[in-house]
Amino acid sequence: MPKTKTVYRTAIYARLSKDDGDKAESNSIASQKALCEEYITKHGDLELVETFVDDGYSGVDFERPAFHKMEDALRQGKVDAVLCKDLSRFSRNYIEGGRYLEKVFPMLGVRFIAINDSYDTLTENPQSHSFLIPFKNLINDTYCKDISVKIRTNLDVKRRKGEYVGSYTPYGYRKDPQDKNRLIVDEEAGETVRQIFSLYKDGMSIGQIADHLNELGVQSPMEHKIKSGIRFETSFKTGEAAKWSYNAVRRILTNEVYIGILAQGKRGTPNYKVHVVQKRDESDWIRVEDAHAALVTYDDFMAVRNMLDRDVRIVSTGREVNPFSGFLFCGDCGQPMIRKVVSAKDKKYYYFVCSTHKRHEGCSPHSMSATELTRTVKNAIASHVSHILDLSRMMDYIAKLPSANRLVMNYEAQTEKLEEEIEYLHRMKLRIYEDLTSGILDKQEYADFRQQYKIQIEEKSAALENLRREKKNALLTGETEKVWVTLFRQHENIEEVNRRVLMALIDKIFIYEGHTLEVVFRYRDEYQRMSEFVEHHAELLPSVTEEAKIPQTGQEV
């Protein structure tokens with residue numbers, strides 16, 4: 001208890017925060033100050049020296065600027081009494097609040113008054129409040145925890161529904177004026193995002209894209225926010241207008257928000273008392289697909305992301321990467337093939353050689369000229385596209401046959417039969433346990449029967465899975481213009497092998513000894529399913545010529 005004085009130099013402390021459930025109507029800063037000032041006018045032993053206000057700060061901890069200033073004034077002897085509306089305005093932390101009330105303030109000789117709690121350290125009986133005040137602090141702490149859980153739960157519900165709960169929207173989007181939790185396309189910035197993906201697909205490096213945008217005077221994401229009237233603080237800007245950078249471009253190229261996927265909850269605090277923001281594991285993110293309009297296609301995004309993980313180098317004579325950079329690999333050691341320039345009689349010849357051999361670390365000296373590589377890849381693409389279109393025509397033919405519908409019905413009948421058989425085996429497996437307990441079977445007989453039923457169940461479950469997969473493929477035969485088939489169809493009459501074509505159709509290219517080339521195309525799983533379906537239903541086709549036979553997904557030429 002502080003020493004009794006004639007007049008106490010008093011500081012009013014007021015705090016308001018929506019984060020811990022404060023009601024703005026009753027706990028507004030103005031109402032707190034008015035209540036405290038009225039209290040001082042009615043008590044002659046209190047003299048107002050200064051008012052300290054923390055507006056927008058939680059009471060869970062004491063990391064509040066105004067509170068620190070007040071504490072300094074207390075320690076310097078400028079103030080010797082603190083007046084609050086109630087204990088919850090002072091603190092909602094049971095442990096820290098109790099430390100100040102029971103140790104810090106008594107040590108400094110500070111009188112503390114909480115008006116609505118009728119608490120005054122000068123007049124209160126220590127025995128009466130030794131239990132009451134900690135109990136009230138505990139209630140305030142628990143209340144804050146409960147509110148925090150409700151807020152977190154509410155935000156998670158919104159995230160799972162695909163509602164945007166962030167303060168600032170991703171570049172290329174803005175909040176819908178009619179629904180602040182919904183993202184809509186910002187046409188100006190959205191066009192820049194599309195341009196960035198297009199430039200990268202055409203062979204421009206990330207650094208060159210940033211320079212190109214700066215040369216054109218395109219506003220960076222930060223400057224676009226400022227232009228849009230968004231107020232925010234950052235430590236990255238230092239005076240001049242922010243420019244496009246390597247990191248800014250790469251963030252856009254790797255952000256799945258541009259294909260309509262909303263991934264939220266990437267960062268957060270451990271609990272309501274610890275305010276240090278930490279990164280969360282990707283498995284804990286909340287991801288919702290088709291949450292908003294996409295700015296780029298899924299295929300373009302995946303092709304770009306796949307290429308970003310590879311070694312892509314810029315040719316020394318220009319600002320674009322070599323069309324084959326990041327695609328070529330040695331078929332023997334698996335390392336990237338690199339370009340080599342050979343000059344002869346005022347002419348330059350370009351070859352691709354194994355990087356391992358060039359570093360004198362092994363492998364063979366096999367190589368391939370850029371001219372031969374381009375011609376061979378072009379032929380491989382033409383051949384693969386031709387096979388895909390043949391398969392697509394076969395699937396169309398099967399889908400139009402009346403027997404195709406009968407096939408689907410037959411799949412359903414077979415599926416139902418297998419499910420019944422599996423269920424029967426499970427019942428028999430349970431029944432032999434009853435026979436064991438009743439003494440009909442001994443332990444060895446039980447183990448033998450149990451193993452037999454287990455094997456039969458596994459076999460029939462595998463057959464059921466295969467049947468369901470075939471049924472799914474059969475149902476898909478009516479979708480003649482699948483996205484990936486359409487993509488290959490666009491290159492049916494290919495004239496030029498450029499980087500855009502390579503990124504659209506090809507995953508990797510392997511070069512072996514003897515100028516042998518293996519082209520690994522994209523959409524291998526979809527292609528394989530189509531091939532298996534056609535092969536499985538070959539009897540429905542009028543004839544199967546040599547040209548229509550199914551090739552492998554990685555073609556060697």
Side-chain angles (χ1 to χ4, degrees), residues 1-3 5-24 26-43 45-117 119-122 124 133-134 136-137 140-141 143-144 148 231-235 269 272-277:
M1 182 183 299
K3 185 178 179 181
K5 294 184 178 182
T6 304
V7 177
Y8 286 87
R9 293 166 295 174
T10 306
I12 292 176
Y13 181 73
R15 182 191 63 80
L16 180 67
S17 171
K18 295 180 181 179
D19 290 341
D20 56 13
D22 295 340
K23 297 180 180 179
S26 60
N27 285 331
S28 68
I29 297 298
S31 67
Q32 292 179 54
K33 290 167 63 177
L35 179 66
C36 292
E37 289 171 355
E38 182 182 1
Y39 185 88
I40 290 175
T41 59
K42 294 179 179 179
H43 294 75
D45 59 342
L46 301 178
E47 177 186 356
L48 178 60
V49 174
E50 191 171 354
T51 300
F52 298 92
V53 176
D54 278 317
D55 195 354
Y57 289 87
S58 173
V60 174
D61 58 40
F62 285 91
E63 293 303 317
R64 314 173 219 152
F67 185 86
H68 285 314
K69 291 180 180 178
M70 183 180 73
E71 187 175 7
D72 290 340
L74 293 173
R75 294 184 182 279
Q76 294 170 11
K78 298 178 180 178
V79 175
D80 44 37
V82 175
L83 178 65
C84 294
K85 176 188 175 184
D86 53 46
L87 285 168
S88 68
R89 297 305 93 209
F90 175 69
S91 172
R92 288 189 184 275
N93 188 311
Y94 166 65
I95 296 176
E96 285 297 303
R99 186 175 71 86
Y100 272 94
L101 293 180
E102 296 177 14
K103 293 184 178 180
V104 177
F105 285 174
M107 180 185 68
L108 297 175
V110 173
R111 177 183 178 185
F112 179 78
I113 304 171
I115 300 173
N116 286 351
D117 291 312
Y119 177 69
D120 187 340
T121 55
L122 180 64
E124 196 74 18
I133 296 304
K136 285 188 174 181
N137 282 334
N140 288 330
D141 192 320
Y143 173 74
C144 187
S148 175
R231 296 182 179 181
F232 66 100
E233 296 180 358
T234 177
S235 58
T269 56
Y272 73 106
K273 289 188 177 182
V274 180
H275 289 176
V276 179
V277 178

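What you are looking at is a predicted structure, and each value in this text was computed from that prediction instead of being measured.
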Q | Inter-residue atom distance Arg15.CZ - Ser58.OG, 0.5 Å rounding | A | 6.0 Å

**Q.** Stepwise side chain to side chain contact (heavy atoms under 4.5 Å, CB included) test for Asn116 and Leu35
**A.** CA-CA 10 Å; Asn116 286 351; Leu35 179 66; 3.9 Å; yes

Q: Please confirm whether Tyr100 and Phe62 have ring centers closer than 6.0 angstrom.
A: yes

**Q.** Student check: side-chain heavy atoms of Leu87 and Leu101 closer than 4.5 Å
**A.** yes

**Q.** Tyr119-Phe90 aromatic ring centre distance below 6.0 Å
**A.** no

Q: Determine yes or no for a side-chain-to-main-chain donor-acceptor pair under 3.5 angstrom, with Ser88 supplying the side chain and Asp86 the backbone.
A: no

Q. Of all heavy-atom pairs between Arg9 and Val79, which one has the smallest distance, and what is that distance?
A. O-CG1, 3.3 Å

Q: Rounded to the nearest 0.5 Å, what's the gap from CD on Glu63 to CG on Asp54? Could you check?
A: 11.0 Å

Q: Please answer whether the main-chain N or O of Ala81 pairs with a side-chain N or O of Thr10 as donor and acceptor at a distance below 3.5 Å.
A: no

Q. Do Asp72 and Arg75 sit within salt-bridge range, that is, some charged N less than 4.0 Å from a carboxylate O?
A. no

Q | Taking every non-hydrogen atom, the tightest pair across Lys33 and Ile12 | A | O-CD1, 4.4 Å

Q. Hey, does Leu74 have a side-chain heavy atom less than 4.5 Å from the side chain of Phe105?
A. yes

Q | Cationic tip of Arg64 above Tyr57 ring, under 6.0 Å, 45° of axis | A | no

Q.
Between Tyr13 and Phe67 (judged by ring centroids, cut-off 6.0 Å), do the two rings come close enough to count as a pair?
A. yes

Q) Are any non-hydrogen side-chain atoms of Leu46 and Arg111 less than 4.5 angstrom apart? A) yes

